[in-house]
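Right, one structure below, let's go through it.
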Amino acid sequence: MGKRQESALETKKKLINAVKKLSETKAYHEISIDDITKTAGVAKGTFYTYFKRREDIISVIAYEYFDKTLEEISDDTMDVTDKISRFLNDSARIIENNSLQIAQQWYRSVTSPLDGDTLGMDKIRYDSDFIANCLKCAVDNGTLKEDTPVSSLALQIVSTYYGAVVLWCMSDGKISQSKLVNDFCKDSLSDIINAYRR
């Protein structure tokens with residue numbers, strides 16, 4: 001990596017770290033771009049070199065938490081139901097803890113995207129791919145039947161998860177997505193997956 005790329009990466013990290021620092025004393029929706037650039041010690045225009053809007057930088061931070069969850073549950077000996085349940089529950093908590101506005105932005109970017117806005121669809125793909133991979137691994141290791149409809153099952157699970165996210169967004173946080181997701185994992189997920197167990 002050249003000096004220019006290193007410098008760009010360092011500036012981007014400064015902006016991300018500024019948001020993390022600011023979030024210790026402010027809610028994400030209270031943090032302005034001026035706050036971010038001032039804390040990072042960069043010009044306001046620099047922000048737009050790396051991010052289109054404030055929600056994008058907060059989304060990057062949220063993905064750091066999602067990636068950490070994936071690392072924590074990457075154990076191949078973990079049961080497929082437990083792994084998916086843990087991922088869904090952790091993801092719901094991460095979203096609730098990070099900002100209703102971020103989830104609403106993801107939702108808007110799917111239902112009425114701005115030019116080039118793939119934020120919401122990227123998140124749906126991220127979740128679908130993880131769940132499909134868990135199911136495929138369970139088929140490969142003989143836990144689930146060979147004819148398990150991996151893609152269809154992953155989509156069914158993701159649809160239920162996103163139903164909880166949408167209800168949370170539409171109720172402006174009054175309906176707890178964490179509770180809805182946890183109830184789904186306790187009451188239904190095992191039955192859905194167990195129908196395909198060997």
- Is there any salt bridge (Lys or Arg N to Asp or Glu O under 4.0 Å) pair reaching into residues 6-19, and which pairs are they, with sequence neighbours excluded? none

- Query: Should Val165 and Leu180 be counted in the same cluster of Ile, Leu, Val, Met, Phe, Trp and Tyr side chains packed under 4.5 Å apart?
  - Reply: no

- Are Val150 and Leu155 connected in a single hydrophobic cluster, I mean Ile/Leu/Val/Met/Phe/Trp/Tyr linked by side-chain heavy atoms less than 4.5 Å apart? no

- Partners meeting ring pair (Phe, Tyr, Trp, His ring centres under 6.0 Å) with Phe51 (sequence neighbours left out): Phe47

- Item | Verdict with supporting geometry, Lys179 and Asp183, salt bridge (Lys or Arg N to Asp or Glu O under 4.0 Å) | CA-CA 6 Å; Lys179 182 175 179 347; Asp183 289 348; 2.8 Å; yes

- Message: Measuring from atom CD1 of Ile193 to atom CG of Leu153, what distance do you get when rounded to the nearest 0.5 angstrom?
- Response: 6.5 Å

- Query: Do Tyr161 and Ile131 come within less than 4.5 Å of each other through their side chains, counting heavy atoms only?
  - Reply: no

- Item | From CZ (Arg125) to CG (Asp129), nearest 0.5 Å | 8.0 Å

- Is there a chain of hydrophobic side chains (I, L, V, M, F, W, Y, each step under 4.5 Å between heavy atoms) that links Ile124 to Leu167? no

- For Ser178, check side chain to side chain contact (heavy atoms under 4.5 Å, CB included) against everything at least two apart and list the hits. Ala92, Arg93, Glu96, Ser176

- Item | Partners meeting side chain to side chain donor-acceptor pair (under 3.5 Å) with Lys26 (sequence neighbours left out) | Asp35

- Message: With ring pair (Phe, Tyr, Trp, His ring centres under 6.0 Å) as the rule and sequence neighbours excluded, what pairs involving residues 70-89 come up?
- Response: Phe87-Phe130

- Message: Restricting to non-hydrogen atoms, name the atom on Thr37 and the atom on Ala43 that form the minimum distance, rounded to 0.1 Å.
- Response: CG2-O, 3.7 Å

Counting only pairs under 3.5 Å, give me each side-chain donor-acceptor contact of residues 141-149, with atom names and distances, residues two or more places apart or in other chains.
residue	atom	partner	partner atom	Å
Asn141	OD1	Thr143	N	2.9
Asn141	OD1	Thr143	OG1	2.6
Asn141	ND2	Cys137	O	3.4
Thr148	OG1	Lys145	N	3.4
Thr148	OG1	Lys145	O	2.6

- Note on the structure: One should read off an interatomic distance between Ile36 CD1 and Arg54 CZ, to the nearest 0.5 angstrom, of 7.0 Å

- Query: What residues, two or more places apart in sequence or in another chain, satisfy side chain to side chain donor-acceptor pair (under 3.5 Å) together with Asn89?
  - Reply: Ser85

- Query: Rounded to the nearest 0.5 Å, what separation is found between the NZ atom of Lys68 and the CD1 atom of Ile94?
  - Reply: 9.0 Å

- Considering all heavy atoms, the nearest Ala154-Ser128 contact: CB-O, 4.1 Å

- Task: Mind checking side chain to side chain contact (heavy atoms under 4.5 Å, CB included) for Lys3 and listing every partner two or more places apart, or none if nothing turns up?
- Result: none

- Should Ile192 and Gln156 be marked as a side chain to side chain contact (heavy atoms under 4.5 Å, CB included) after you check the CA-CA gap, both sets of side-chain angles, and the distance that decides it? CA-CA 9 Å; Ile192 292 168; Gln156 181 183 2; 4.1 Å; yes

- All side chain to side chain donor-acceptor pair (under 3.5 Å) counterparts of Asp67, not counting sequence neighbours: Tyr126

- Distance, nearest 0.5 Å, that separates CD1 of Ile157 from CG of Leu88: 7.0 Å

- Task: Taking only Lys NZ, Arg NE, NH1 and NH2, and the carboxylate oxygens of Asp or Glu, determine whether Lys136 and Asp140 approach each other closer than 4.0 Å.
- Result: yes

- Query: With sequence neighbours excluded, what pairs up with Phe184 under the ring pair (Phe, Tyr, Trp, His ring centres under 6.0 Å) test?
  - Reply: none

- Task: May I have all residue pairs that pass salt bridge (Lys or Arg N to Asp or Glu O under 4.0 Å) and include part of residues 42-51, sequence neighbours excluded?
- Result: Asp34-Lys44

- Message: Once rounded to the nearest 0.5 Å, what's the spacing between atom CD1 of Ile33 and atom CG of Leu15?
- Response: 10.0 Å

- Residue pairs involving residues 184-198 (criterion side-chain hydrogen bond (donor to acceptor under 3.5 Å, both in side chains); sequence neighbours excluded): Asp79-Arg197, Thr81-Arg197, Asn194-Arg197

- Message: side-chain hydrogen bond (donor to acceptor under 3.5 Å, both in side chains), that's the test. Do Tyr50 and Asp56 meet it? Break it down for me.
- Response: CA-CA 9 Å; Tyr50 300 95; Asp56 292 341; over 6 Å; no

- Query: If you group Ile, Leu, Val, Met, Phe, Trp and Tyr by side-chain heavy-atom gaps below 4.5 Å, do Met170 and Ile175 land in one group?
  - Reply: no

